[in-house]
Amino acid sequence: MVLPRNRPLRAGRAQRRRQRRAALALVLLAPAVAELTLGSIPVRMLWLVVLYVPIYGAGVLLIREAVRRTGGGTGALLLMGLAYGLVEEGLALQSLTSPHLYGAAGWGPRPWGINVPYAELNLPYHAVFSVLLPVALVELMFRDLGRTPYLRRAGLVGTAAAALLGVGLLRVSVPPSEDPGYLLSGRAAGVILGLAAAAAVAALAVLPRRAGRGPAGAGGPVPGLFRLGAVSAVAAFAFLALLFPFAGAHHPAFLPRAWAPLPMAAAAAVAGAAAWALRRWGAADGWTPRHRLAAVTGALVAHTAFGLVSHTRHPLDTAGLAVIGAAMVLLLHRLDHRLATGPEVSQGL
């Protein structure tokens, strides 16, 4: 019969279609998670998201492809997210060193001309909310693909070109209008590029070699889904609230500028404790995709809740972000239902 010979071909085509859909989902989800669900882009100016699709969408897809092709896991994604943040914030926006942009220079200490509280907020933010969470969501949505690459060589080259275009697009659009007259020094640009390159090398060449050395099932008991989501939510909200000046504040945590190191230390402690707990739980035998989704959901809900109290000024923007948040929760619930009715396969962080 001819059918058995055609089945592998049809299966291959179906998988390639799934891979293309997963890639497109990641391209769309990355800017949506990082910008829309926080309210950084007001609902009245939704068209601005087009500006961020190349750097977020193509950039995060490129990161996911590089990490999965080299066998990296969560740690590699976070390090590549750090490199991404250095490129976007340090080179494209110049916000890590600008004395004017976003008023970040006034948040706290500026050793060597670096907006340190702003950097502590935004570099981990990009690692988690711009890279890790969108990748986690897409891989949960397309679990049948596992951690296999989504792109072929031509797609990878095109994605890299689009990401570079996105960096340039952001550079020529935002700083000239929001921060005219400031130009990053060549020395600072070299340092930022060096740090980003070091993070990328560690993510793609060092961490994959260390993967799998830990004992399987070494983590402690996995908490219930609601408790896990609550822990993730509290940690995310606390981290953002400790560092980002909101509700009329000009410095982190409503403290005087000279006291900024206190909330900075507290935010670092919160992030470290949350990372330690999630890593420990994720190593346990009882950790499943639903646990992973619960942790993601808690962080995203807290992220949008913080956006409602910190980023919206106009009633239309507040209402729009509330609608976006409600739609996000509904979609996450549907994904959880899919995971609950599917095969329960253990999947570490």
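Computation of the quantities below employed the complete heavy-atom set of this structure, encompassing side-chain atoms and omitting hydrogens, waters and symmetry-equivalent molecules. Residue numbers run from 1 in the order of the sequence given.
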Run the side-chain donor-acceptor check on residues 223-243: report pairs under 3.5 Å with partners two or more places apart or on a different chain.
{"from": "Ser232", "atom 1": "OG", "to": "Ala295", "atom 2": "O", "distance (Å)": "2.6"}
{"from": "Ser232", "atom 1": "OG", "to": "Ala299", "atom 2": "N", "distance (Å)": "3.3"}

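Under a hydrophobic clustering in which Ile, Leu, Val, Met, Phe, Trp and Tyr are joined whenever their side-chain heavy atoms come within less than 4.5 Å, directly or via other members, Tyr52 and Leu28 fall into different clusters. In this structure, Val309 is a member of the same hydrophobic cluster as Val329, with clusters built from ILVMFWY side-chain heavy atoms closer than 4.5 Å. Met45 and Leu170 fall within the same hydrophobic cluster, where Ile, Leu, Val, Met, Phe, Trp and Tyr residues are linked whenever their side-chain heavy atoms come under 4.5 Å apart, directly or through other members. Under a hydrophobic clustering in which Ile, Leu, Val, Met, Phe, Trp and Tyr are joined whenever their side-chain heavy atoms come within less than 4.5 Å, directly or via other members, Leu300 and Val323 fall into different clusters. Each of Leu164 and Val87 belongs to its own hydrophobic cluster when Ile, Leu, Val, Met, Phe, Trp and Tyr are linked at side-chain heavy-atom distances under 4.5 angstrom.
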Please determine whether side chain to side chain contact (heavy atoms under 4.5 Å, CB included) holds for the pair Leu101 and Tyr182, giving the CA-CA distance in whole Å, both sets of side-chain angles, and the decisive distance to 0.1 Å.
CA-CA 9 Å; Leu101 190 64; Tyr182 176 72; over 6 Å; no
Derivation and outcome, side chain to side chain contact (heavy atoms under 4.5 Å, CB included), residues Leu321 and Asp317
CA-CA 6 Å; Leu321 183 56; Asp317 295 333; over 6 Å; no
Please step through side chain to side chain contact (heavy atoms under 4.5 Å, CB included) for the pair Phe246 and Phe254, ending with a clear verdict.
CA-CA 8 Å; Phe246 67 100; Phe254 302 92; 4.0 Å; yes
Just do the side chain to side chain contact (heavy atoms under 4.5 Å, CB included) check on Val135 and Arg68 with the steps written out, would you?
CA-CA 11 Å; Val135 170; Arg68 294 314 188 207; 4.3 Å; yes
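Not less than 6.0 angstrom separates the ring centroid of Tyr118 from the ring centroid of Phe244.
Closest of all the heavy-atom pairs between Glu65 and Leu151 is OE1-N, 3.1 Å. For the residue pair Pro54 and Gly166, the shortest heavy atom distance occurs at CB-CA, 3.6 Å. Nearest heavy-atom pair, Leu79 versus Ala203, reported as atom, atom and distance to 0.1 Å: CB-CB, 3.7 Å. When all heavy atoms of Ala163 and Leu62 are compared, the pair lying nearest together is CB-CD2, 4.5 Å.
For Tyr102, the ring pair (Phe, Tyr, Trp, His ring centres under 6.0 Å) criterion is met by no residue, not counting sequence neighbours. Residues passing the side-chain contact (heavy atoms from CB on, under 4.5 Å) test with Pro315, sequence neighbours excluded: none.
Leu145 is listed as a side-chain neighbour of Tyr150, based on a closest heavy-atom distance under 4.5 Å. In this structure the side chain of Leu51 reaches within 4.5 angstrom of the side chain of Ser173, judged on heavy atoms. Residues Val67 and Arg147 form no side-chain contact, since every pair of their non-hydrogen atoms from C-beta on lies 4.5 Å or further apart. A heavy-atom distance below 4.5 Å is found between the side chains of Leu26 and Val60. With a 4.5 Å cut-off on side-chain heavy atoms, Pro176 and Arg171 count as touching. Two residues are said to be in side-chain contact when any heavy atoms from C-beta on lie closer than 4.5 Å; Val131 and Leu78 fail this criterion. With contacts defined as side-chain heavy-atom distances shorter than 4.5 Å, the pair Arg110/Val116 does not qualify. Counting only heavy atoms from C-beta outward, the side chains of Val49 and Leu46 never approach each other to under 4.5 Å.
More than 12 heavy atoms of other shown residues, nucleotides or ligands fall within 6.0 angstrom of atom CZ in Arg44. Enclosure of atom NE2 in His251 by more than 12 non-hydrogen atoms of other residues, nucleotides or ligands within 6.0 angstrom is indicated. The environment of His333 atom NE2 is sparse: at most 12 non-hydrogen atoms of other residues, nucleotides or ligands sit within 6.0 angstrom.
Using a 30° and 60° split on the angle between ring planes, His303 and Phe129 fall in the parallel class, below 30°. Classification of the Tyr56-His126 ring pair by plane angle, with boundaries at 30° and 60°, yields tilted.
Distance CD1/Ile324 to OG1/Thr304: 8.5 Å, rounded to 0.5 Å.
Applying side-chain contact (heavy atoms from CB on, under 4.5 Å) to Pro289 and the options Glu139, Arg143, Arg338 leaves one that passes, Arg143.
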